[in-house]
A.B. asks: 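This is the structure I have questions about; it appears just below.
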2 protein chains.
Amino acid sequence: MNTRRKSPVNIISTEVHHCSMDLRLKILGRLPFFIDLNPSELMMINQRFNSLGFKKDEFIYYSGDPAERMFVVAEGKIKLFQPGFERRNVLLNILLEGDLFGNLTVFGSSTYTDTAQSLTSSCILSISSQSFGEILKEFPSLAIKSLQVMEKRLIAANKRVFEISTLPAEKRIVVTLLTLVEKVGKQTNQGVLIDAPISREDLAEMTATTPETVSRVMSQFQSSGVIESGRKWISIVDWDAFQQLANVESP
Amino acid sequence: MNTRRKSPVNIISTEVHHCSMDLRLKILGRLPFFIDLNPSELMMINQRFNSLGFKKDEFIYYSGDPAERMFVVAEGKIKLFQPGFERRNVLLNILLEGDLFGNLTVFGSSTYTDTAQSLTSSCILSISSQSFGEILKEFPSLAIKSLQVMEKRLIAANKRVFEISTLPAEKRIVVTLLTLVEKVGKQTNQGVLIDAPISREDLAEMTATTPETVSRVMSQFQSSGVIESGRKWISIVDWDAFQQLANVESP
DNA sequence: CTGCTTCCATGATATAGATCAGTTAACTGC
DNA sequence: GCAGTTAACTGATCTATATCATGGAAGCAG
């Protein structure tokens, strides 16, 4: 029987209206997209962005809405998912500071193909697709950088297809945890904390399984001392043992 | 007990060395990529491409190889898959004339993340990633068009993740057949023929299931008169009934 | 602090489809 | 045309995990 613990995940409470101009410039200047631009170019681009604050669990846009804007996470964490309605959702991505989402291509899909919801209270920068298109034309190197973002996402999506198609549930959960560690892992004196409030249900939606199965697997890992876990938090405490679990050759 | 039939899929026997200069110009000039270029620009780009002939079942490149080239299907059909080695493969895509594959971004992944194999004997055009990068720089509108290709593929991949995550095997098979019809469907007097030599195993690799399950489902559809099918061929003969099967709301 | 909500863990049972095995006929190569 | 190969079909059995149900405790709001 595992002891439950209090959550070590520190959910920063961002004031909803607290998207300052400085934060905007700071984020934009650090994006791979804009990193080669000079300050005056950056300032020009900055002026085309709006900033928006979202409370925890608020929706930023819905799947099926007209895809008219591109977004950047300035602060906070966002989850992108495809709603399953009568079936389960499929959680596509967890986004952090600096990540782009929404309509990234200006001209493609006329509606959003996923739904964006805040995991934590967040500050989001937003630009209209039209403005973004103008920027891409004005700075062709930015279009090339868009390609880099898209490629990474496509590779990740195909990897996901492979995993869901070929791995048993336990392994799927392990490789998904690894991905999360890579993205939002934070070294603590008690191992590697996945520094985002991820529930069993979220994990289930990421691994094509059910919250109960996730719970069983996590409980098992906890019993063997590989992880410590509680309500919306997970820490990998025995990294070597965990890596063994991720050994895909041994189904 | 269903009667097996002879295959109506006409596998054109392309002479392996038969990639003429005319065919090259014809294909390149028709690509969304190059459709806005004038003939002299097109000729210049054409000169950077090589052409290669592949026999049926030959490999064009392997997952893990250095990703040094971009490819275009001039003639024939190609399958992209991720090898599963001790487990089953995952078939990612069927490509036809005009489709791009390989390294599409010049600068991203250093190795191919899939394996390309010819379904039929094929003529393939190929350009080095470096040359392709130069073309993208020289014609920035082509970079934007690359984005369009990538976006469509990303949307399709996420759709695939959703389907595999949420739909039972039968439904997965149906929606996959629909996708194939959309891509390589050919109207005949006996319904819509999927005009590519797709085996039960291929379908299984596309739908995260086994050849036996695919066989059972197909046999069932055949018994109800919805499709006709045989060795590496499928025809949808009752389109309305088939559309009913694809009704995703009714699992 | 208390009451309520919701997330997590666990047990029992059911089920979708994977696995294993064997047969048949379409296809290929000589 | 013939022999051999292999793709497809079908049956029996097994298995991973989904489904259903319940209880406990962390977290939230007043």
Side-chain angles (χ1 to χ4, degrees), chain A residues 1-11 13 55-57 84 86-88 119-121 164-173 196-205 207-224 227-235 251, chain B residues 1-11 13 55-57 84 86-88 119-121 164-173 196-205 207-224 227-235 251:
Chain A
M1 187 53 163
N2 307 305
T3 309
R4 298 186 186 188
R5 318 284 191 90
K6 284 186 50 179
S7 172
V9 172
N10 184 22
I11 306 193
S13 178
K55 290 186 200 155
K56 182 172 156 18
D57 293 329
E86 323 240 321
R87 274 176 309 246
R88 55 187 172 237
L119 269 177
T120 64
S121 73
I164 301 175
S165 298
T166 64
L167 298 185
E170 181 186 303
K171 290 273 184 246
R172 300 204 295 277
I173 291 162
I198 305 288
S199 68
R200 299 291 183 267
E201 191 161 358
D202 291 329
L203 266 183
E205 290 175 10
T207 54
T209 184
T210 61
E212 290 90 350
T213 297
V214 170
S215 194
R216 284 181 228 276
V217 169
M218 300 298 272
S219 186
Q220 192 182 34
F221 292 168
Q222 192 150 236
S223 294
S224 354
I227 68 167
E228 282 181 1
S229 189
R231 240 172 125 123
K232 293 199 184 184
W233 69 272
I234 302 151
S235 256
Chain B
M1 184 57 163
N2 306 305
T3 309
R4 299 185 189 189
R5 319 285 191 88
K6 282 184 49 176
S7 171
V9 173
N10 184 23
I11 305 193
S13 177
K55 290 187 203 155
K56 183 174 161 5
D57 293 328
E86 323 240 320
R87 274 177 307 248
R88 56 187 172 239
L119 271 177
T120 65
S121 74
I164 300 175
S165 299
T166 63
L167 298 185
E170 180 186 301
K171 288 271 185 254
R172 300 205 295 276
I173 291 162
I198 306 289
S199 67
R200 298 292 182 266
E201 191 160 358
D202 290 330
L203 266 183
E205 290 174 11
T207 54
T209 184
T210 60
E212 289 91 351
T213 297
V214 170
S215 193
R216 284 182 228 279
V217 169
M218 300 298 273
S219 185
Q220 192 183 34
F221 291 168
Q222 191 150 236
S223 294
S224 355
I227 67 168
E228 281 181 1
S229 188
R231 244 171 120 126
K232 294 198 183 184
W233 69 271
I234 302 151
S235 256

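Proteins come first, then strands; the chains are lettered A, B, ... in the order of their sequence lines, and each starts at number 1. This one's a predicted model, so the numbers in the text were calculated from it and none came from an experiment.
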A.B. asks: Could you measure the distance from the CG atom of L119(A) to the CG atom of D57(A)? Nearest 0.5 Å is fine.
C.D. replies: 8.0 Å
A.B. asks: Quick check for you: to the nearest 0.5 Å, what is the distance between I234(A) atom CD1 and R200(A) atom CZ?
C.D. replies: 5.5 Å
A.B. asks: Can you measure from CD1 (I227(A)) to CD (Q220(A)) and round to the nearest 0.5 angstrom?
C.D. replies: 10.0 Å
A.B. asks: Mind calculating the distance between CZ (R216(A)) and C1' (dA18(D)) to the nearest angstrom?
C.D. replies: 9 Å
A.B. asks: Using the side-chain hydrogen bond (donor to acceptor under 3.5 Å, both in side chains) criterion, which residues pair with S235(B)? Sequence neighbours excluded.
C.D. replies: none
A.B. asks: Quick one: label S215(A) by what it contacts on the DNA or RNA (base, sugar-phosphate, nothing), any heavy atom closer than 4.0 Å.
C.D. replies: base
A.B. asks: How long is the line joining CH2 of W233(B) and C1' of dA7(D), in whole Å?
C.D. replies: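 Roughly 14 Å, once rounded to whole Å.
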A.B. asks: dA16(D) C1' sits how many Å from R87(B) CZ, rounded?
C.D. replies: 15 Å
A.B. asks: Would you give the length of the straight line joining atom CD of E170(B) to atom CE of M218(B), rounded to the nearest 0.5 angstrom?
C.D. replies: 11.5 Å
A.B. asks: Of the nucleotides dC9(D), dC8(C), dA9(C), which one has an atom closest to the side chain of S199(A)?
C.D. replies: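 Selected nucleotide (nearest to the side chain): dC8(C).
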A.B. asks: Just how far, in rounded Å, is P of dC8(C) from NZ of K232(A)?
C.D. replies: 7 Å
A.B. asks: Between the protein and nucleotides 14-17 of chain C, are there any N/O to N/O pairs under 3.5 Å, and if so, what are the atom names and distances?
C.D. replies:
| residue | atom | partner | partner atom | Å |
| --- | --- | --- | --- | --- |
| dG17(C) | OP1 | A169(B) | N | 2.6 |

A.B. asks: So if I take every side-chain heavy atom of E212(A) and compare against dC20(D), dC8(C), dA8(D), which nucleotide ends up nearest?
C.D. replies: dC20(D)
A.B. asks: K56(B) NZ to dG29(C) P: how many Å, rounded?
C.D. replies: 10 Å
A.B. asks: Report the distance from atom CZ of R88(B) to atom P of dT19(C), rounded to the nearest whole Å.
C.D. replies: 6 Å
A.B. asks: So what does the secondary structure string of DNA chain D come out as, 5' to 3', with Watson-Crick or wobble pairs under 3.5 angstrom, [ ] for crossing and | for pairs with another strand?
C.D. replies: ||||||||||||||||||||||||||||||
A.B. asks: In whole angstrom, what separates L203(A)'s CG from dA18(D)'s P?
C.D. replies: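 Nearest whole value for this atom pair: 13 Å.
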A.B. asks: Between the base of dT28(C) and the side chain of R231(B), is there any donor-acceptor pair under 3.5 Å?
C.D. replies: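 By the distance-only test, no, there is no pair.
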A.B. asks: Rounded off to whole Å, could you give me the CG-to-P distance for the D57(B) and dT28(C) pair?
C.D. replies: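 Interatomic distance, CG of D57(B) to P of dT28(C): 11 Å.
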A.B. asks: Are OP1 or OP2 of dC9(D) and a side-chain N or O of R200(B) less than 4.0 angstrom apart?
C.D. replies: yes
A.B. asks: My understanding is that only residues two or more places apart in sequence, or in another chain, count here; which of them pass side-chain hydrogen bond (donor to acceptor under 3.5 Å, both in side chains) with T213(A)?
C.D. replies: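 With sequence neighbours excluded, T213(A) shows a side-chain hydrogen bond (donor to acceptor under 3.5 Å, both in side chains) to T210(A), given in chain and number order.
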A.B. asks: Run the side-chain hydrogen bond (donor to acceptor under 3.5 Å, both in side chains) test against S224(A) and tell me which residues pass, sequence neighbours left out.
C.D. replies: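 For S224(A) there are no side-chain hydrogen bond (donor to acceptor under 3.5 Å, both in side chains) partners, ignoring immediate neighbours.
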A.B. asks: Nearest 0.5 angstrom please: K171(A) NZ to T166(A) OG1, how far?
C.D. replies: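 One finds 11.5 Å between NZ of K171(A) and OG1 of T166(A).
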A.B. asks: Among all residues two or more places apart in sequence or in another chain, which pass the side-chain hydrogen bond (donor to acceptor under 3.5 Å, both in side chains) test with S215(A)?
C.D. replies: none
